[in-house]
Amino acid sequence: MYATIGKDVPTGAGWTFEPKYYGIRTHAFVSSTSERLMTRNGKDKEAQFPEVVDALRALGRKIKRPAVLDGEVVALQRNRAGKFQALQGRFHLKGAADIAHAARESPAAIFVFDVLADGAEKLTVQPWTARRARLERLLRDAPPGVRLSESSPNGGRMINRARRGGWEGVIAKRSTSTYLPGARSRDWLKLKLQHRAEFVIGGFTEPRRTRPFLGAILLGYIDSQGHLRYVGHTGGGFNRESLRETYELLKSLEQPASPFAETPRTNERPHWVRPKVVVEVKFSEWTSDGRLRQPIFLGVRDDKDARDVHLESESIQRVAKRPPALPNASTSSTQRAAARPPARLRRERL
């Protein structure tokens with residue numbers, strides 16, 4: 001089940017509020033003899049997060065029955081939920097020894113916010129309040145790697161904590177709502193406090209001077225007609241290792257033609273790639289001509305498919321210009337944005 005962008009904090013009884021974690025959305029399937037950890041796009045994350053799998057295995061032995069959990073795998077920093085960048089080093093590790101070392105040095109946990117099945121009982125048709133009560137009982141005295149997500153009926157207090165703590169945002173959930181697998185519902189609202197979003201890489205530029213591997217990545221989103229729409233570029237937020245990893249990932253996807261509906265002009269030589277790689281980016285605001293201002297690369301999102309990356313509308317960010325309504329922007333699950341791109345593409349300095 002997915003959240004819709006919320007433009008106001010819901011008030012009154014009947015809502016609960018949860019932190020929006022910097023993590024990877026996963027379903028955990030546990031039993032007394034086995035466990036699986038799967039992303040929304042069907043990728044198995046057991047090898048990357050063995051400490052989480054060990055914790056789920058211990059939970060299955062404790063409860064002695066199968067269960068299906070919904071949550072986020074999150075990096076731990078000072079034993080609390082940390083930033084998404086802390087997970088990035090785990091994505092490209094291959095060797096068992098390197099993965100085991102990373103699990104010890106930079107551990108992760110799964111923060112669970114819903115339960116879809118408990119034993120033979122399917123819980124998706126029950127209201128959130130009933131599922132939450134069942135989840136609290138299920139995770140009582142759970143291993144440290146399996147944590148119960150925080151929830152509060154006080155939205156204003158949760159939003160204030162989120163602002164003070166620099167969280168990305170808060171998720172508001174209607175307490176009477178059932179769980180709708182695969183659906184995007186207004187019973188779950190994503191209240192974003194920062195400008196952060198996923199975009200698809202359509203190309204990269206040659207590096208300048210002593211910078212290795214690549215200069216900037218060229219970003220876009222998929223509109224309702226399936227076209228890749230350009231929104232800007234960024235070379236910020238990388239270190240040498242992430243530059244190398246991103247370059248190697250993109251090099252294998254190179255193609256001769258631009259995948260963008262309107263080809264951006266670049267000062268440095270561009271390399272076009274098949275639009276397969278999704279990255280998360282933070283930025284200060286949208287410009288009037290439909291570009292990201294001061295975008296910074298945060299990391300690759302291999303848990304999301306490029307075809308699902310659409311343009312999101314504004315939420316409750318403090319100082320924000322509404323994202324421009326670029327041609328054919330999706331108006332269904334991701335809402336409509338609100339301005340128009342320039343008649344002619346300005347020259348970008350990449």
Side-chain angles (χ1 to χ4, degrees), residues 85 88 92 194-223 225-302 306 309-312 320-329 337-350:
Q85 296 94 314
Q88 284 298 291
H92 305 286
Q194 299 179 7
H195 285 95
R196 294 169 62 108
E198 289 88 34
F199 295 101
V200 181
I201 300 179
F204 63 95
T205 62
E206 291 280 340
R208 291 179 178 176
R209 302 184 183 91
T210 60
R211 183 182 175 96
F213 303 113
L214 59 83
I217 52 176
L218 312 180
L219 304 170
Y221 72 94
I222 308 298
D223 69 17
Q225 303 302 311
H227 301 136
L228 183 65
R229 297 288 176 178
Y230 180 71
V231 295
H233 69 278
T234 183
F238 291 94
N239 57 29
R240 186 180 181 88
E241 184 64 17
S242 60
L243 278 171
R244 181 187 63 78
E245 291 170 349
T246 305
Y247 172 77
E248 291 177 353
L249 188 60
L250 297 177
K251 191 67 178 174
S252 64
L253 299 173
E254 273 203 75
Q255 63 181 30
S258 166
F260 292 102
E262 294 179 334
T263 299
R265 297 178 64 186
T266 65
N267 283 352
E268 303 300 327
R269 179 183 169 222
H271 296 258
W272 308 116
V273 300
R274 283 182 286 141
K276 298 289 187 182
V277 178
V278 179
V279 294
E280 186 164 353
V281 171
K282 68 177 179 179
F283 55 101
S284 61
E285 62 178 359
W286 287 94
T287 66
S288 59
D289 60 353
R291 300 291 184 260
L292 306 174
R293 188 183 298 281
Q294 299 174 332
I296 299 294
F297 168 84
L298 297 178
V300 174
R301 298 300 307 243
D302 72 344
V309 176
H310 305 296
L311 189 66
E312 289 187 336
K321 296 180 181 178
R322 292 192 178 279
L326 303 177
N328 299 315
R340 184 174 292 277
R344 61 188 179 129
L345 196 63
R346 62 184 172 83
R347 184 174 181 85
E348 299 284 347
R349 289 190 59 80
L350 307 184

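Between His195 and Phe283, the angle of the ring planes lies from 30° to 60°, which puts this pair in the tilted group. Ring pair Phe238/Phe297 is parallel by interplanar angle, where below 30° counts as parallel and above 60° as perpendicular.
Atom CZ of Arg291 and atom OH of Tyr230 lie 6.5 Å apart (nearest 0.5 Å). Within the model, atoms OG1 of Thr205 and CG of Leu218 stand 6.0 Å from one another, a figure rounded to the nearest 0.5 Å. Of the inter-residue distances, the one linking Ser242 atom OG with Leu249 atom CG reads 12.0 Å to the nearest 0.5 angstrom. The distance from atom CZ of Arg269 to atom NE2 of His271, rounded to the nearest 0.5 Å, is 4.0 Å.
Salt bridge Glu248/Lys251: absent, no basic N to carboxylate O contact under 4.0 Å.
The side-chain heavy atoms of Thr246 and Phe213, taken from C-beta on, include no pair separated by under 4.5 Å. Considering only heavy atoms from C-beta on, Ile296 stays 4.5 Å or farther from Val281 through its side chain.
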Walk me through it: do Phe199 and Thr234 pass the test side-chain contact (heavy atoms from CB on, under 4.5 Å)? CA-CA 11 Å; Phe199 295 101; Thr234 183; over 6 Å; no
For the pair Ile217 and Leu250, evaluate side-chain contact (heavy atoms from CB on, under 4.5 Å) and give the outcome as yes or no after the intermediate values. CA-CA 10 Å; Ile217 52 176; Leu250 297 177; 4.1 Å; yes
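The two atoms that bring Arg240 and Pro212 nearest to each other are NH1-CG, 3.4 Å, heavy atoms only.
The closest donor-acceptor contact from the side chain of Arg244 to the backbone of Tyr247 lies at 3.5 Å or more, if one exists at all.
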